[in-house]
Amino acid sequence: MKQHLLRTLLGVALLTLLVVAGCSGDDDQASTENDDSQDDAKSSENEDNTLVFARGADSQQLDPSKVTDGESLYVTQQIYDTLVTYKEDGTEVQPGLATDWQVSDDGKKYTFQLREDVKFHDGTDFTAEDVVYNFDRWVETDDSIYFGYMFGGSEEDPNGFLKSVEATGDYEVTFTLDKPNAPFIYTLAMPPFGIASPDAVDEHGENYFKNPVGTGPFKFNSWSKGDKITLDKNEDYFGDVAHVDQVVFRVIPDNGARYLELQSGSIDMMKGMNPQDISGAEDNEDLQVFRRPSMNVGYMAMNTDQDGPMADPKVRKAINLGVNKEELLTLFEGLGKPAKNPMPPSLWGYNEDVEPYGYDPEEAKKLLAEAGYGDGLDVTLYAMSNPRPYLPQPKLTAQAIQQMLKEVNVNVEIVENEWETHQTKTQNGEHDMAFLGWTGDNGDPDNFLYVLLDKDNAKEGSAGNIAFYKNDEIHDLLTEAQVEQDQEKRSELYKKAQEIIHDDAPWLPIAHTTPPIAAKNNIDGYVPHPTGTEKFNHIKLK
């Protein structure tokens with residue numbers, strides 16, 4: 001892989017940025033047909049006490065139980081509360097809708113005392129029966145994706161380890177588990193388990209996903225698909241009432257165009273920056289740059305469940321050996337560190353002793369020949385068109401990998417789709433190889449290894465495991481770790497799992513990043529959370 005390749009790719013990116021910046025008004029035309037013009041939005045949203053936050057893609061749904069994408073959860077985090085929540089700067093659990101809880105000696109029963117001063121945004125009172133209602137609907141519906149990821153379950157055992165959820169008082173709810181689950185209390189703090197108003201769910205039915213009602217610091221106002229979502233302050237919030245009156249989440253697909261709008265003052269904050277823009281933002285006295293603590297991984301999954309080359313571990317190892325990760329990471333311009341494991345080194349249980357594959361094109365060719373592909377092979381690489389926190393320049397990254405693998409006789413066809421389509425296609429297993437990534441939800445290794453690489457989560461249509469990697473030994477290790485209460489013993493189980501996964505090579509792990517969030521210098525009180533989402537009620541406009 002020659003240095004001039006990456007310089008050429010970066011040059012093309014900069015040229016594209018200039019073109020897009022010059023015609024961004026035309027690009028937004030389709031998304032504004034159902035709402036006010038972008039010009040009107042720019043002139044009005046920043047007036048008064050409104051926070052305008054821009055990102056590269058729209059939310060898929062505003063029912064957090066049915067999505068896994070960060071763009072949806074970023075918004076729903078403002079609308080809903082969970083029984084317990086994380087501290088502002090880490091994953092230590094503290095009270096939320098529950099004020100206190102007790103755990104039985106055998107680890108199978110959790111009893112929560114609930115707040116008695118909480119109302120949903122529709123004016124109805126929050127009680128224990130509402131918690132039961134939400135868990136019942138997550139159990140009973142097939143599209144509550146995170147429920148399956150975190151509480152287990154299969155066709156034979158649809159409810160996983162959660163045996164029952166009961167209201168044992170007006171403001172007391174008891175969870176009974178079929179077996180202990182070490183991450184359980186941390187899982188309950190995750191945004192997908194935000195408690196919705198039963199009245200609103202019943203009223204809107206299939207359309208609830210675009211009419212969300214929770215108890216959080218902001219109320220849903222409106223959604224212009226592909227353009228913006230508007231939330232209003234909840235004046236009756238039981239916690240810290242928001243300092244801003246309104247939050248507007250705008251969609252600006254291109255990183256460069258989004259950054260130009262930040263510089264012009266038409267937005268207040270943004271995520272998804274071109275790496276080459278960061279130093280300029282840091283030097284700009286009108287702006288500030290936050291770095292989100294790294295608890296993520298970006299990767300290229302190989303579909304092990306397909307007939308053909310990706311089912312052969314020799315091919316998968318060859319692809320790992322055929323990518324010069326050191327060169328690839330120059331596209332991240334300091335935002336990322338090379339990944340070798342499917343979980344970040346910031347988590348306990350990380351296996352430092354795993355040796356990365358390194359870059360060895362001759363060994364890659366040898367393995368391909370042993371697998372019967374000495375004359376080369378053709379594969380597809382599915383890439384998202386939108387920037388992601390763990391992959392800030394997906395198109396350039398795909399092109400670089402394409403050129404690297406060409407040198408070992410692997411011909412890569414890049415298939416680029418916008419974010420929602422990319423998720424649908426990869427969850428259905430249409431790809432040979434595909435980019436994806438994960439930001440940890442609860443600070444536990446289970447949230448990476450079980451969600452992303454266990455056979456339980458390799459279900460077409462809702463796969464978290466888009467490598468469709470199915471290894472019984474891995475499954476036994478991960479489910480044993482869920483039950484084990486001793487963290488040191490759990491850590492050893494996870495380290496063993498990482499060794500096996502590395503040898504089977506269902507992924508090309510790419511990077512762990514510290515995603516930047518840029519803001520105007522009048523933003524105060526913002527603390528980026530390692531899980532990738534945070535409530536905005538503490539943000540002030542100075």
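We use all heavy atoms of the structure for the numbers below, so side chains are in, but hydrogens, waters and symmetry mates are not.
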Measure the acute angle between the ring planes of Phe184 and Phe161, then classify it against the limits of 30° and 60° as parallel, tilted or perpendicular. perpendicular
Centroid separation under 6.0 Å, is that true for the rings of Tyr146 and Trp138? no
Tell me, yes or no, whether the heavy-atom count around Tyr186 atom OH, taken from other residues, nucleotides or ligands under 6.0 Å, exceeds 12. no
Using ring centroids (six-membered ring only for Trp), state whether Phe53 and Tyr74 fall under 6.0 Å. yes
Indicate yes or no: does Lys228 engage Asp58 in a salt bridge with an N to O separation below 4.0 Å. no
Carboxylate-amine/guanidinium contact Lys489 Glu492, below 4.0 Å: no
Distance to the ring centre below 6.0 angstrom and angle to the axis at most 45 degrees; does that hold for Arg490 and Trp348? no
Can the ring centres of Phe435 and Tyr382 be said to be less than 6.0 Å apart? no
Answer yes or no: is there a side-chain heavy-atom contact under 4.5 Å between Met384 and Asn417? no
So, Tyr357 versus His502, ring centres under 6.0 angstrom or not? yes
Ion pair present between Lys317 and Asp503, side-chain N to carboxylate O less than 4.0 angstrom? yes
Any donor-acceptor N or O pair under 3.5 Å, side chains Asp454, Asn465: no
Are Phe175 and Phe135 close enough that their ring centers fall under 6.0 Å? yes
